[in-house]
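Encoded as structure tokens, the structure appears first; notes follow it.
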Protein chains: 2
Amino acid sequence: MYSIGVAAERSGVTIETIRYYEREGIVSKPDRTSAGHRIYSDDGIARLRFVKRCRDLGFPIPEAKSLLSLTDGSQTSCSSACAIAEEQRGLVRNKIADLKRMETELSELIGQCPDSEDTCPILEDLLSS
Amino acid sequence: MYSIGVAAERSGVTIETIRYYEREGIVSKPDRTSAGHRIYSDDGIARLRFVKRCRDLGFPIPEAKSLLSLTDGSQTSCSSACAIAEEQRGLVRNKIADLKRMETELSELIGQCPDSEDTCPILEDLLSS
DNA sequence: CTACAACCTGTAGTAACTACAGGAGCAAGC
DNA sequence: GCTTGCTCCTGTAGTTACTACAGGTTGTAG
């Protein structure tokens, strides 16, 4: 059993964020010592790591919560997990497409950068488009 | 001269957002009618469109504000504009790299999806990593 | 027994909007 | 002249996922 500080270190989730996850019901409330300090089991820490990994993969909190709750379900839940992951991959791909469009347009702007002397093509471009 | 509704339509910025930009000092306060309604010139609308275009390119509000204020500067400001744009392109590229990493990892998860019957590889993976 | 670190609760701040609530003005039709 | 309904006004609260205190208690090492 570990203190919140140790749990933070082992899970990669900061103390403040652990408390936030608890408040929001993303992870269940841990036991407390007689003085009111939180104590975490290996399992509790594993669940924190699970949420962290989900977040690193870009899953929104509600999806992370759903995935976590699927871990103690039956095998029928696996297809749900896959569906959530595919949905997420779709969102990520859309974001990539958006950002690539931005990069292209930024490069076009930058390409015509300090060229003439009395006008700024980049600012002109932003003003007129 | 146009009402805020028309300005919103022509600039692509919603009414609420126009008022927000004004409150935050991103665009200057427009004149008012005797009844207190905002009135916009073509120039004011152009500035709203400028901010919108910056935002669409991913520039944060402070950068959009800087770029906008550069538009009435001298030609020396052009190099500043370019620097801001290059900085922004760097940020966009970093985001793309992050998202591509996510996509790869998500694809790895999805790839091993409904395979066996009694365990869910995707959930196992998230739990153990 | 005294520091000092780690913990506690509760609140406020972040980015960039978005969504009301509650009220006033304006144009058209009767 | 009056009602209907649209647009406008201000001001405040909500969104996402945290992060950063303030102010107080507990646990530990010397």
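Every chain is numbered from 1 and lettered A, B, ... according to where its sequence line falls, protein lines coming before strand lines. If you're wondering where the values come from, they're calculated on a predicted model, not measured in any experiment.
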Separation of D:dA17 atom C1' from A:Y20 atom OH, nearest Å, is 4 Å

Go through the structure and list residues passing side chain to side chain contact (heavy atoms under 4.5 Å, CB included) with B:S41, not counting sequence neighbours. B:M1, B:D43

Taking 4.0 Å as the cut-off, does a side-chain nitrogen or oxygen of A:T17 come that near to OP1 or OP2 on D:dT19? yes

OP1 or OP2 of C:dA16 sitting under 4.0 Å from any side-chain N/O of B:Y21? no

Would you please name every residue forming a side chain to side chain donor-acceptor pair (under 3.5 Å) with B:D31, sequence neighbours left out? none

Who are the side chain to side chain contact (heavy atoms under 4.5 Å, CB included) partners of B:L91, not counting sequence neighbours? B:Q88

Is there a donor-acceptor pair closer than 3.5 Å between any side-chain N or O of B:R55 and the backbone N or O of B:F59? yes

Over how many whole Å does the gap from B:Y2 atom OH to D:dT7 atom C1' extend? 18 Å

Closest-nucleotide mapping onto DNA chain C: is B:V51 or B:S34 further toward the 5' terminus? I mean the 5' end. B:V51

Starting at CD of A:E63 and ending at C1' of D:dT16, how long is that distance when rounded to a whole Å? 13 Å

Across all chains, not counting sequence neighbours, the side chain to side chain contact (heavy atoms under 4.5 Å, CB included) partners of B:T14 are B:E16, B:T17

For B:K52, all residues meeting side chain to side chain contact (heavy atoms under 4.5 Å, CB included), sequence neighbours excluded: B:V13, B:D56

Below 3.5 Å, can you tabulate the donor-acceptor pairs from side chains in residues 20-28 of chain A to any protein atom, sequence neighbours excluded?
residue: A:E22; atom: OE1; partner: A:R38; partner atom: NE; Å: 2.6
residue: A:S28; atom: OG; partner: A:R47; partner atom: NH1; Å: 3.4

Interface polar pairs with nucleotides 3-10 of chain C, N/O, under 3.5 angstrom:
residue: C:dC7; atom: OP1; partner: A:S3; partner atom: OG; Å: 2.9
residue: C:dC7; atom: OP1; partner: A:G5; partner atom: N; Å: 2.7
residue: C:dC8; atom: OP1; partner: A:R38; partner atom: N; Å: 2.7
residue: C:dC8; atom: OP1; partner: A:R38; partner atom: NH1; Å: 2.9
residue: C:dC8; atom: OP2; partner: A:R19; partner atom: NH1; Å: 2.6
residue: C:dC8; atom: OP2; partner: A:R38; partner atom: NH1; Å: 3.2
residue: C:dC8; atom: O5'; partner: A:R38; partner atom: NH1; Å: 3.4
residue: C:dC8; atom: O3'; partner: A:R32; partner atom: NH1; Å: 3.4
residue: C:dT9; atom: OP1; partner: A:R32; partner atom: NH1; Å: 3.2
residue: C:dT9; atom: OP1; partner: A:R32; partner atom: NH2; Å: 3.1
residue: C:dT9; atom: OP2; partner: A:R38; partner atom: NH1; Å: 3.1
residue: C:dT9; atom: OP2; partner: A:R38; partner atom: NH2; Å: 2.8

Could you give all pairs that pass the salt bridge (charged side-chain N to carboxylate O under 4.0 Å, His left out) test and reach residues 78-94 of chain B, with sequence neighbours left out? A:E103-B:R93

Strand contacts (DNA chain C) in residues 89-97 of chain B, 4.0 angstrom heavy-atom criterion: none

Separation of B:I18 atom CD1 from C:dA16 atom C1', in whole Å? 15 Å

With hydrophobic residues grouped by side-chain heavy-atom distances under 4.5 Å, do B:L70 and B:I61 end up in a single group? yes

Rounded to whole Å, NZ of A:K52 lies from C1' of D:dA17 at a distance of 13 Å

Measure CD/B:E24 against P/D:dT10 and give the value in whole Å, please. 15 Å

